[in-house]
Amino acid sequence: MQPQYRPADIEKQAQAEWDEKRAARAVEDPARPKYYCLSMFPYPSGKLHMGHVRNYTIGDVLARYHRMRGHNVLQPMGWDAFGLPAENAAMANGVPPAKWTYDNIAYMKQQLKSLGFAIDWERELATCRPEYYRWNQWLFLRMLEKGLAYKTTGVVNWDPVDQTVLANEQVIDGRGWRTGAPVEKREIPMYYLKITAYADELLQGLEALAEWPERVRLMQSNWIGRSEGVEVAFPYAHDPVQALKVFTTRADTLLGATYCALAAEHPLAAQAARDKPELAAFVEACKRGAVMEAELATQEKKGMPTGLHVLHPLTGKKLPLWVANYVLMGYGEGAVMAVPAHDQRDFEFATRYGLPIKPVIRTSAGETTPAPWRDAYAEHGTLINSGKYDGLDFQGAVDAIAADLARKGLGRKRIQYRLRDWGISRQRYWGCPIPIVHCPQCGDVPVPDAQLPVVLPEDCVPDGTGNPLNRRADFVNTRCPKCGQPARRETDTMDTFVDSSWYYIRYACPDNERAMVDERVRYWLPVDQYIGGIEHAILHLLYSRFWTRVMRDLGLVRFDEPFSRLLTQGMVLNEIFFRKRGSGRITYYNPADVDIRTDERGNRIGAALKADGLPLESGGIGTMSKSKNNGVDPQALVDQYGADTARFFMMFTSPPEQTLAWSDSGVEGSYRFLRRVWAFAADYQGNVRPQVRSGALAQVALDAKLAAVRREVHLNVKQANYDMQRQQFNTVASACMKILNALEGVPRNPPAIGAGAAAVIEEGVSILLRLQAPITPHLSHHLWRELGFGEDVFDAPWPEAEEGALEQKEVELVLQINGKTRGSIRVPSDATREAIEQAALVSPVAQKHIAGIPVKKVVVVPGRLVNVVAQ
RNA sequence: GCCGGGAUGGCGGAACUGGUAGACGCACGGGACUCAAAAUCCCGCGCCUUCACGGGCGUGCGAGUUCGAUUCUCGCUCCCGGCACCA
């Protein structure tokens, strides 16, 4: 064989063979256990970034590993092809989003192929294709029929200069990103999906997702935000027949309510502002303000009295009614009762505006509420200053107060969710058209199934001023499906989260032109393993869980949860280097163009630009991005080192769930390892293999040294198997390196090599090639055949540790004196607890440390340590 | 602000259920090979102290539980992800 490792050659060769054999093609086969391994599909942004490489390498490692374990594996790929960046690219270059998108797909597909992923390309799909999105439209119509989709108004960011709706991302410090004009809020009609109808089920379902990361389940649970509380009605002082409804989880503090507050969007606020210009101005200012929750929550708390009052439902006392910017219209009733003594936000607000503060709970912190605020005031406790409720605890008080309110018809217990319905209307061109026709006679008319798909014209070029579909007469002008009269098509498109909420189902049957799903879905779904970025922990995953349940209730699928096991991968980061110009402008330099200077111990002392040798400032570490110029092009990596090195490095350098900090020298290390594997294989072929006799290992007695090597190999096989199970791939890669290190320790100078050594090496090489095959498929595939182990390494059995190889006669135990490690003792591996204690006590190390001191006790941890406690 | 996560040598990380902290790799230092360089191989490598044996300290910070804590509990600091129209 070739003495030099040439990844370019063997990778091209292996990929051609796999293509030829359709090696990754998945065919339904009820006789074999199926394994549906899915990585989140990419947005075709132009070229692959490191996050993609990481994601798809993890997926491919799992797919190939399960293939070797005998599963029928499906690993598909597609394109999340609708979205905003295509419109931005169109504006910048004058190219239609469709062309830009299809070009990107073609390029990225070839990149994915060069990385050697075992993807079944025959199932490829793109969400911007009518044959895909027609089923978005079809299901949307079913949801309309069932009342799961509905139309109401929603608030959007409006750029008054460009006359267009902006995404949150396009709003920078409250201004339009292109025009710089202050962004306004607008209420427009939009379609919503009733995810709240499934709130409880989505919450309950989390419990069954045992193989999801705990943190994701927690985040989803908090996002759904179920709270038990009481709906309380505060009658209007000016019209006690009507009442202001609020929701509270702290009905026990009702007697401490000193005012009520409304969101600016609350109808009562508008009513109160009618003849009060100052209030009207405040309400308007609030409405103009932030849309994003993060901004709303951090803004300064402001408010204004409405002049109206409400009556306390239990005492009848008049309480002032305020408008406050910290009350959210989207949660509960859009109004709150304020208890400044026991809620921090209310406290800050009351303090600022001189509203009364009345303590009604005795907490561990004390009875009254002096400023400043302490968190303890928000805790549950015993009621005080609450008349007949005094002395009750939290639950007792809530029950009693809710009962009294119910008797008066002024309240009831209720469950409230934080989750809101999903607004899917986007005033954008590059998305799936919403299949509705607006008829002057008949109103909003759903497009009949027979007329689906409503096809998006692919030749529009957006210019940033509104949705270009509005200017496409051939799209907009149509006839009403009901009355046949001229009518207008809806030009809003769907949120791209709709596209990604069910693509994993369509992979089972992408070619079915007649139905959204077919019987193949029953074979492949649910997804056994889903892999993607942690940033999708809530929205995408929750929408998919919701959409799956809708499809289930329509009889389309038979499972509740789409993803049985989830791996959330960390982000890929890199260093940031920059210089400040005289003008204060910052120029960023790519880490590839930077020299790191270190002292003689390897400590960094500075960084300089290669081009001019002058120093650069370090901006720390951050996600790879264009703006910080710290991206590493995976293509360059593959071109220089090959796909296997890129894959191995990705797996080795960090556990999959953690953020990964890029390092060029680390890549070198991975490449060096693969070269060593190659060199060792060449040496094996030339010098060892001729000495191997069949069944050698069973026939030769290994001396202690060889037995130790073999034990090391099998220990690492055991470790690698355990780590594969728990998906900690970095230590699988480590295990491969340790195996090679052990094998290299066997002397193998010809002709001295003995039968035992040859047998141990042969077994070790065979194990190593299989163990790293999922990570470095090209190398393993090539060497497996070249060394005569078999035709295809992926048809070979997955290596398992042999218990016999792990046994040893003696074990070394750590010897601790009073919890401090002082040495070690060797004992027979079957030594009793008493024998171990004795061996420890008589050991010279113990004698030295405990001489003359009485031994209190001896702790023995079998196989690990002995701790002699003396005092 | 709210929700979730993280922090271990110069660096990436390992330590499985509370049991030898630093596996494996990178960087760095020394050496071998070479006319030389690259590649490769060997040795060293947490910090302080010691000629050495050894000793002390050490897993973001401060407490606690335990024979024993990177691991468990409580209180902080800093960093990262999400917050509903980026995907």
Side-chain angles (χ1 to χ4, degrees), chain A residues 40 42-43 45 80 83-85 154 156-157 165-171 213-216 218-219 221-223 225 291-299 326 330 345 418-428 495-497 500 533-540 542-543 568 570-571 573 596 598-604 620-623 649 652-655 657-670 672-673 675-676 679 719 722-723 726 728 730-731 733-738 741 812-816 818-821 823-824 856-859 861 864-865 867-869:
Chain A
M40 289 182 184
Y43 179 80
S45 54
D80 189 11
L84 201 51
V156 294
N157 304 305
V165 174
L166 297 177
N168 284 340
E169 188 193 49
Q170 298 170 313
V171 180
E214 184 59 34
R215 58 171 162 164
V216 175
L218 243 182
M219 280 191 266
S221 172
N222 291 334
W223 183 262
V291 180
M292 286 164 268
E293 195 192 309
E295 220 174 306
L296 286 168
T298 46
Q299 71 193 358
Y326 72 93
R345 285 174 312 178
R418 206 187 75 96
L419 182 69
R420 305 200 296 261
D421 277 341
W422 174 14
I424 58 156
S425 293
R426 297 291 180 268
Q427 298 67 46
R428 301 245 171 72
D495 180 6
T496 55
F497 275 124
S500 56
I534 181 67
E535 65 274 19
H536 297 288
I538 296 175
L539 291 179
H540 161 61
L542 192 62
Y543 290 146
T568 48
M571 326 241 316
L573 311 180
I596 303 297
T598 60
D599 63 17
E600 71 286 351
R601 287 171 107 163
N603 298 324
R604 175 187 292 201
I621 205 159
T623 51
F649 172 71
F652 174 65
T653 197
S654 201
E657 305 222 289
Q658 264 180 49
T659 53
L660 183 156
W662 186 258
S663 148
D664 281 326
S665 50
V667 178
E668 285 282 356
S670 295
R672 194 173 303 153
F673 170 68
R675 279 204 312 255
R676 274 174 58 207
Q719 183 69 47
Y722 177 74
D723 291 338
R726 60 172 178 159
Q728 186 173 288
N730 54 326
T731 44
S734 286
C736 293
M737 290 171 146
K738 288 178 184 175
N741 287 348
E812 187 169 305
L813 299 182
V814 168
L815 177 57
Q816 292 187 340
N818 290 329
K820 281 194 190 282
T821 302
S824 64
K856 234 163 69 178
K857 69 172 172 178
V858 181
V859 181
V861 183
R864 288 200 180 267
L865 61 70
N867 185 12
V868 179
V869 186

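Reminder, nothing fancy here: chain letters follow the sequence lines and each chain counts from 1. A quick note: this is a predicted structure, and the numbers were derived from the prediction, not measured.
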Considering only the [atom1] atoms, how many Å lie between [N] and [M], rounded to the nearest integer?
| N | M | atom1 | result |
| --- | --- | --- | --- |
| B:C41 | B:A27 | P | 13 Å |
| B:A14 | B:U59 | C1' | 12 Å |
| B:C26 | B:U20 | C1' | 25 Å |
| B:G29 | B:C83 | P | 46 Å |
| B:G60 | B:G12 | P | 13 Å |
| B:C24 | B:A36 | C1' | 34 Å |
| B:G1 | B:U50 | P | 49 Å |
| B:A69 | B:C57 | P | 12 Å |

How close or far is atom [atom2] of [N] from atom [atom1] of [X], stated in whole angstroms?
| X | N | atom1 | atom2 | answer |
| --- | --- | --- | --- | --- |
| A:Phe497 | B:G82 | CZ | C1' | 11 Å |
| A:Glu657 | B:G82 | CD | P | 16 Å |
| A:Glu668 | B:C28 | CD | P | 11 Å |
| A:Asn730 | B:G12 | CG | C1' | 10 Å |
| A:Arg675 | B:A39 | CZ | C1' | 7 Å |
| A:His536 | B:C86 | NE2 | C1' | 10 Å |
| A:Lys738 | B:A23 | NZ | C1' | 4 Å |
| A:Leu84 | B:A87 | CG | P | 6 Å |

When you measure from the side chain of [X], which nucleotide among [options] comes out closest?
| X | options | value |
| --- | --- | --- |
| A:Arg676 | B:G25, B:G5, B:G13 | B:G25 |
| A:Asn168 | B:C86, B:G82, B:C41 | B:C86 |
| A:Met219 | B:C3, B:C85, B:A84 | B:C3 |
| A:Arg672 | B:G1, B:U40, B:G13 | B:U40 |
| A:Arg418 | B:G13, B:C3, B:A84 | B:A84 |
| A:Ala167 | B:C83, B:C24, B:C86 | B:C86 |
| A:Gln658 | B:G13, B:C24, B:C3 | B:G13 |
| A:Lys857 | B:G81, B:C67, B:G4 | B:C67 |

Between A:Asn867 and A:Val859 (side chain of the first, backbone of the second, donor and acceptor by atom type, cut-off under 3.5 Å), is there such a pair?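 Judged by distance alone, no pair lies under 3.5 Å.
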
Give a yes/no on whether any side-chain N or O of [X] is located under 4.0 angstrom from OP1 or OP2 of [N].
| X | N | value |
| --- | --- | --- |
| A:Arg420 | B:A84 | no |
| A:Thr659 | B:C80 | no |
| A:Lys820 | B:C57 | yes |
| A:Gln728 | B:A15 | yes |
| A:Asn222 | B:G4 | yes |
| A:Thr496 | B:A87 | yes |
| A:Arg428 | B:C85 | no |

My understanding is that only residues two or more places apart in sequence, or in another chain, count here; which of them pass ring pair (Phe, Tyr, Trp, His ring centres under 6.0 Å) with [X]?
| X | result |
| --- | --- |
| A:Tyr43 | none |
| A:Tyr326 | A:Phe349 |
| A:Trp223 | none |

Might you list the N or O atoms of the protein lying below 3.5 Å from N or O atoms in nucleotides 16-20 of chain B, with each pair's distance?
from	atom 1	to	atom 2	distance (Å)
B:C16	N4	A:Gln719	OE1	3.0
B:G19	N2	A:Gln816	OE1	3.4

What I'd like to find out is whether the side chain of [X] reaches to under 4.5 Å of the side chain of [Y], using heavy atoms alone.
| X | Y | answer |
| --- | --- | --- |
| A:Glu295 | A:Val171 | no |
| A:Phe673 | A:Phe652 | no |
| A:Asn157 | A:Gln170 | no |
| A:Val814 | A:Arg864 | no |

Comparing nearest nucleotides in RNA chain B, the 5'-proximal residue of the pair A:Ala297, A:Val165 is A:Ala297

How do A:Arg215 and A:Val156 order along RNA chain B: which one's closest nucleotide is nearer the 5' end? A:Arg215

Need the glycosidic conformation of B:G13: syn if within 90° of 0, anti if not. Which one?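 Base orientation: anti.
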
Atom of A:Ser824, atom of A:Glu812 and distance for their closest heavy-atom approach: OG-OE2, 3.4 Å

What is the minimum heavy-atom distance between A:Met40 and A:Gly533, and which atoms define it?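 Looks like SD-N, 3.9 Å.
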
Considering every strand and a 4.0 Å limit on heavy-atom distances, what is the contact class for A:Ala537: base, sugar-phosphate, or nothing?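 A:Ala537: no heavy atom of the nucleic acid under 4.0 Å.
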
Please encode protein proximity along nucleotides 71-78 of chain B as a string of B, S and -, counting only heavy-atom distances under 4.0 Å. --------

Both distances under 3.5 Å, Watson-Crick or G-U wobble: on that basis, could you give the dot-bracket string for RNA chain B, with [ ] for crossing pairs and | for other-strand partners? (((((((..(((......[....))).(((((.......))))).((((....))))..(((((..]....))))))))))))....

How many angstroms lie between atom CG of A:Asp495 and atom CZ of A:Arg428, to the nearest 0.5 angstrom?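 Going from CG on A:Asp495 over to CZ on A:Arg428, the span is 9.0 Å.
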
